[in-house]
Amino acid sequence: MVQDAGHEMKARMRADLRVAMKEGRSSDAKLIRTLIAAIDNTEAPPARAGSGAAEQHRFLSGSAEVERLSLDAERVRAILRAEIEEREQAAAEMDRLDRPDRADAIRAEARLAASYLSRS
């Protein structure tokens with residue numbers, strides 16, 4: 001059986017999300033939701049040519065259901081690295097704008113996202 005690294009990572013993140021919510025760590029919960037969404041977005045299959053958003057689907061016909069893409073571990077790591085890089089750039093911009101408090105908060109997000117790299 002082929003392992004789906006995206007599915008496995010999201011399962012770990014969802015477990016961490018529950019803990020963060022129970023412990024009242026709302027900023028961690030927000031970031032974990034963002035990371036899950038980034039993986040979800042990558043798993044979405046490309047849109048088919050000629051299928052617009054206004055295309056009608058019959059209720060429960062299965063016509064709106066599409067199989068998600070399977071991600072390997074390297075693709076999951078690439079997603080996480082992109083999220084980390086985005087936060088590092090934002091923190092550098094906050095430093096440039098003399099907002100060290102915000103830069104520190106963004107760097108904390110990058111560290112939390114980086115913790116998932118070691119688990120992928």
Side-chain angles (χ1 to χ4, degrees):
M1 180 174 152
V2 175
Q3 296 290 358
D4 183 351
H7 180 74
E8 290 175 9
M9 180 60 73
K10 289 189 301 182
R12 280 186 238 147
M13 288 177 172
R14 286 184 180 112
D16 292 348
L17 175 60
R18 284 188 290 277
V19 172
M21 290 169 54
K22 285 180 182 178
E23 293 177 356
R25 295 181 288 130
S26 60
S27 60
D28 288 357
K30 179 181 173 185
L31 175 69
I32 294 168
R33 283 187 189 103
T34 300
L35 296 176
I36 292 169
I39 295 170
D40 275 341
N41 288 342
T42 305
E43 290 175 332
R48 294 179 302 198
S51 66
E55 186 177 322
Q56 294 294 317
H57 298 284
R58 294 183 331 145
F59 186 68
L60 295 178
S61 69
S63 63
E65 299 296 322
V66 293
E67 188 173 335
R68 308 290 287 177
L69 301 176
S70 180
L71 304 179
D72 63 8
E74 185 52 41
R75 185 66 180 123
V76 171
R77 284 191 293 273
I79 295 164
L80 292 172
R81 284 191 297 267
E83 293 291 325
I84 293 164
E85 177 64 26
E86 182 180 316
R87 280 156 184 77
E88 289 172 349
Q89 289 175 357
E93 181 65 12
M94 289 297 113
D95 282 335
R96 189 186 71 74
L97 295 172
D98 198 28
R99 296 282 316 271
D101 55 325
R102 187 67 193 122
D104 290 343
I106 294 170
R107 282 191 185 92
E109 289 180 4
R111 283 190 300 274
L112 177 57
S115 73
Y116 287 103
L117 277 176
S118 63
R119 297 193 258 173
S120 63

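Both backbone and side-chain heavy atoms feed into the values below; hydrogens, waters and symmetry mates do not. For clarity, every value in this text was computed on a predicted model and none was experimentally measured.
Salt bridge Arg107/Asp95: present, at least one basic N to carboxylate O contact under 4.0 Å. By the 4.0 Å N-to-carboxylate-O rule, Arg81 lies close enough to Glu74 to be salt-bridged with it.
Considering all non-hydrogen atoms of both residues, Ala103 and Ala91 come closest at CB-O, 3.5 Å. Nearest heavy atoms, Ile84 versus Ala113: CG1-CB, 3.7 Å. Leu69 and Pro46 make their closest contact through CD1-CD, 4.3 Å (heavy atoms, listed as atom of the first residue, atom of the second, distance). Counting all heavy atoms, side chain and backbone alike, Met13 lies closest to Tyr116 at CG-CE2, 3.6 Å. Across all non-hydrogen atoms, the minimal contact from Asp28 to Ala20 is CB-CB, 4.2 Å. Closest heavy-atom contact between Ala29 and Met21: CB-CG, 4.0 Å.
A distance of 11.0 Å separates NZ of Lys22 from CG of Leu17, quoted to the nearest 0.5 Å. With rounding to the nearest 0.5 angstrom, the CD1 atom of Ile39 is 5.5 Å from the CG atom of Leu80. Distance check, rounded to the nearest 0.5 Å: CE of Met94 to CG of Asp104 gives 12.0 Å. Here Arg33 contributes atom CZ and Ser26 contributes atom OG; the two are 9.0 Å apart, rounded to the nearest 0.5 Å.
In terms of modelled atom types and a separation under 3.5 Å, the side chain of Thr34 and the main chain of Lys30 share a donor-acceptor contact. One N or O on the side chain of Asp4 and one on the backbone of Leu71 form a donor-acceptor pair closer than 3.5 Å.
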Taking it one step at a time, do Lys10 and Glu43 satisfy side chain to side chain contact (heavy atoms under 4.5 Å, CB included)?
-> CA-CA 11 Å; Lys10 289 189 301 182; Glu43 290 175 332; 2.5 Å; yes
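Tracing side-chain contacts under 4.5 Å through hydrophobic residues (I, L, V, M, F, W, Y), one never reaches Val19 starting from Ile32; they form parts of separate clusters.
Counting heavy atoms from C-beta on, the side chains of Glu93 and Ile106 never come closer than 4.5 Å.
For the pairing with Leu31, the side chain to side chain contact (heavy atoms under 4.5 Å, CB included) check across Leu112, Asp16, Ile36 returns one residue only, Leu112.
Applying the salt bridge (charged side-chain N to carboxylate O under 4.0 Å, His left out) test to pairs two or more places apart or on separate chains, those with a residue in residues 83-92 are Glu83-Arg87, Arg87-Glu109.
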